[in-house]
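These notes are about the structure you will find just below.
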Amino acid sequence: MPIEPGRRSDPRIRLWSLREDVLVEGEPQDDRLVVVTRWGETKIENAGEMVWESLRRMSLGPVSLDNVLGPRGGSPDEVARLESVLLRLSGSVVHSLGTRTGEGPMLSAVPISRSARFTFADVDPARPVRLSRFAALRTVDGDLVVESPLAEYRVVLHRRIASRVVVALSAATSVEALTRALEFEPALVGDIVAFMAAAGIVLLGDWADGATARVPRFVEDTDPNLVSWSHHDLLFHSRTRLGRYGGLSGVVFPTAQSVPPPPLVKQPTGGERYPLFQPDLSALATADPSMTEVIENTRLCQELADRPVTAEQVGELLFRAARVRSVSPASAGGEVTYEISDRPYLSVHGLYELEIYLLLHNCTGLPRGIFHFDPQEHCLTLVNDDAGELDEVLDYAMIGSATSQWPPAMITVTARAERSSWMYGGIAYSLTLTHVGALQQTLCLAATAMGLAACVPAIDPGDVVDSALRLEWPAEIGVGEFVFGYRRGHWNTDSVPL
C-alpha cells in the first residue's frame, strides 16, 4: 500500500488509522514494537521513531501521514520501512477520505479480513461503475455502513455527500454521469467512487456494444462462482465466519453485563399438561438394534401410512432424543454464571436454545392439538387446540413432504434467540442451524430404532407456524420440522421392521 504524497491544493486528503481494537505496545527507544490485533500479535523489530510515531498517531484516530513524514516527506528508507509495516498490518489499517478543512472523514474503509488490501487508483470518468449486487446498507451509530460478503472492508459513510454518491451507484453509471446528476465537483465524485472500488464494494466494468447502444458489462454478473449465490445466503455465510466478519465472534457474552441469563427451558403458561411415558433405558439397551443397523436402515420416508401413533411412542421418541438428562452450573471467569444442560443431541457449550412443539393429528392417548414439550419435566403442555390452524400447518407439512395426506405427528423446532445470542457473538444463528440438524438426526435415528418412519419436510410455513405456535417473533423463531409415523405398506399388527 504505497504512501502517496498529498496534493496540497486538493481539498480531499487520504487519512490512515488503526482499528479501534488495536493496541500498540512499546516506546520510541525500544528495539521492538508489539501490535496486538484481532488477528493476533505482530512483532516489529527495529521499528524506528518514524514507524512508532505513525502507529501512535494512527491509534488515536484518522491522520494524514504527510503530517507524520514532515514537509520533506521523510527519507526513502523511512518511507519504505513504514510502507512495509503498514502492509503487514493491512488487516487492521483503516483508510479514510477526508478534507483539509478539518471537518472529519467523509467515509472510512474498515478491514474485516486479515488479508485485506486497499489499492486506491483513479477511475476513468467514462468507465461504467455500479455497486455489487451483494452490497447492503445499514445504520450503525448514526452512520450508514455499506458491506458486501465479497469485500474485505466495510465502508462507513460519515457524511451525507458520500451517502448520496453511493446510493446513486445502485444502477450502472459513470463518474461523468454522477457528476452531472449530483452537481458535485468531478474530483470529489471520482475519489469517492475510487475509494469504494478499492474497498471491493463498487464494481468497475466495461462497455459492450449492444443492438442499439452501449451496454455496461460487469464480471460479477457472469462469474460462475457467484451466479448461484443469493445476496442473503452469501452475506450470512461470510458474517458467521471469523475470516470475513470483523466484529465480536465466538463465546464473548455480548449482553451478559446488561441481560440476565435466559432460562434453561421455556415454561408455557396455561394449557393442560400431559405427562409423557418414560421408557426403561436398560430394556432398550437390551432390545434395540445395533447402532450400525439403525444407521444403515435409516431412510427418510416420503409416504406415511394412515395409522395413528401412540402416546407411548411419542413419549419414548422425545425421551430418547430430546430430554434433559442433567443440569449443571457454568461460568465464564467467575463473573458470568448460568445453567447448562445435557441432552441426547449436540449443542455447543450445552446452552440448548431449541424448543420442541408437537403437532398431533392422529395419536392414540393424546388429543389432537399443538403442544409444547418440556424436556426437563418430560411432559406436554397444550398451547393451541384450534383445528383450523393445526390443519393449515399440516397442509404445509404434507406439501413439503411430497405426500398425499397429513402426517399423524409432526415436530416443529423453534429457537429462543436470546438463549444463544446472550453467549455467542456473530455466530449465534449459524450454531442454531447446526443444532437443528443434530436434533433432526437424533430424532431420525431414534425413530428408526423404534420401527417408525421419519421425514424432514422442506417447508417454509413462515407466519403460519408463528401464529399456530403462539410465538413471540423474533424472540422465538421456527427453524425446522420433523414428521414421523408408519411407513405405508411396511407394517403389520405384529411387528414393525426397520
Side-chain angles (χ1 to χ4, degrees), residues 265-266 276 294-295 297-305 307-324 343-347 352-363 366 368-375 378 380 383-384 390-403 405-416 432-462 464-466 468-469 471 476-488 496 498:
V265 297
K266 179 181 178 179
L276 290 172
V294 172
I295 292 175
N297 286 282
T298 296
R299 300 288 187 275
L300 291 180
C301 175
Q302 289 193 331
E303 194 67 41
L304 299 178
R307 178 188 179 187
V309 295
T310 67
E312 183 174 303
Q313 288 171 321
V314 169
E316 180 177 338
L317 178 63
L318 293 176
F319 187 86
R320 284 174 177 258
R323 77 186 187 280
V324 171
R343 309 183 195 188
Y345 67 95
L346 167 75
S347 183
Y352 288 101
E353 77 280 26
L354 301 183
E355 298 290 333
I356 291 176
Y357 291 81
L358 192 66
L359 292 81
L360 294 180
H361 162 57
N362 193 4
C363 177
L366 287 170
R368 194 173 187 270
I370 301 175
F371 303 82
H372 173 264
F373 172 60
D374 184 334
H378 195 62
L380 298 178
V383 297
N384 189 355
L390 174 60
D391 293 352
E392 191 171 10
V393 178
L394 292 174
D395 280 338
Y396 276 99
M398 181 176 65
I399 295 169
S401 304
T403 61
Q405 60 189 19
W406 288 338
M410 171 181 172
I411 287 173
T412 288
V413 183
T414 70
R416 288 181 292 142
T432 288
L433 298 184
T434 299
H435 298 157
V436 173
L439 174 57
Q440 289 173 328
Q441 178 69 29
T442 306
L443 285 165
C444 194
L445 293 173
T448 301
M450 294 170 59
L452 294 173
C455 177
V456 179
I459 63 174
D460 181 17
V464 174
V465 161
D466 298 342
L469 273 54
L471 304 183
E476 186 177 358
I477 55 176
V479 289
E481 282 73 32
F482 179 85
V483 301
F484 62 96
Y486 291 97
R487 189 185 304 275
R488 175 174 288 185
V496 182
L498 287 173

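Both backbone and side-chain heavy atoms feed into the values below; hydrogens, waters and symmetry mates do not.
- Considering Val483, Val314, Leu318 in turn, Leu318 is the only one that fulfils the side-chain contact (heavy atoms from CB on, under 4.5 Å) rule with Ile411.
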Quiz item: Does the side-chain contact (heavy atoms from CB on, under 4.5 Å) test come out yes or no for Leu471 and Ile477, once each step is laid out?
Solution: CA-CA 7 Å; Leu471 304 183; Ile477 55 176; 5.9 Å; no
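- Rounding to the nearest 0.5 Å gives a distance of 8.0 Å between OG1 of Thr448 and CZ of Arg487.
- A donor-acceptor pair under 3.5 Å links the side-chain atoms of Ser347 to the main chain of Tyr352, judged by distance alone.
- By the side chain to side chain donor-acceptor pair (under 3.5 Å) test, Thr412 pairs with no residue at all, sequence neighbours left out.
- Separation of atoms SG (Cys444) and CD1 (Ile295) is listed at 11.0 Å; rounding is to 0.5 Å.
- In this structure Glu392 satisfies the side chain to side chain donor-acceptor pair (under 3.5 Å) test with no other residue, sequence neighbours excluded.
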Quiz prompt | Candidate pair Leu469 and Asn384, rule side-chain contact (heavy atoms from CB on, under 4.5 Å), full reasoning | solution = CA-CA 7 Å; Leu469 273 54; Asn384 189 355; over 6 Å; no
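- Applying the side-chain contact (heavy atoms from CB on, under 4.5 Å) criterion to His361, with sequence neighbours excluded, gives Arg368, Leu394, Trp406.
- For Leu346, the side-chain contact (heavy atoms from CB on, under 4.5 Å) partners two or more places apart in sequence, or in a different chain, are Ala438.
- The closest side-chain heavy-atom distance from Phe373 to Leu358 is not below 4.5 Å.
- Panel note: side chain His378, backbone Gly315; a donor-acceptor pair is recorded below 3.5 Å.
- Shown here are the side chain to side chain donor-acceptor pair (under 3.5 Å) partners of Arg323, two or more places apart in sequence or in another chain: there are none.
- Rounding to the nearest 0.5 Å places CZ of Phe484 at 8.5 Å from CG of Leu443.
- Partners of Thr434 under the side chain to side chain donor-acceptor pair (under 3.5 Å) rule, at least two apart in sequence or in another chain, do not exist in this structure.
- How far CD of Glu355 is from NE2 of His372: 4.0 Å, rounded to the nearest 0.5 Å.
- Panel note: side chain Gln313, backbone Gly485; no donor-acceptor pair is recorded below 3.5 Å.
- Checked by atom type, the side-chain pair Glu476/Thr414 shows a donor-acceptor distance below 3.5 Å.
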Quiz item: What do the steps show when you test Thr310 against Leu366 for side-chain contact (heavy atoms from CB on, under 4.5 Å), and what is the final call?
Solution: CA-CA 8 Å; Thr310 67; Leu366 287 170; over 6 Å; no
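- For Glu481 and Tyr357, the side-chain atoms include no donor-acceptor pair closer than 3.5 Å.
- Note: Leu445 CG to Arg320 CZ = 10.5 Å, rounded to the nearest 0.5 Å.
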Quiz item: When you look at Val383 and Phe371, which way does the side-chain contact (heavy atoms from CB on, under 4.5 Å) test go after all the steps?
Solution: CA-CA 5 Å; Val383 297; Phe371 303 82; 5.8 Å; no
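- Taking CG from Leu276 and CD from Glu316, the interatomic distance works out to 12.0 Å, rounded to the nearest 0.5 Å.
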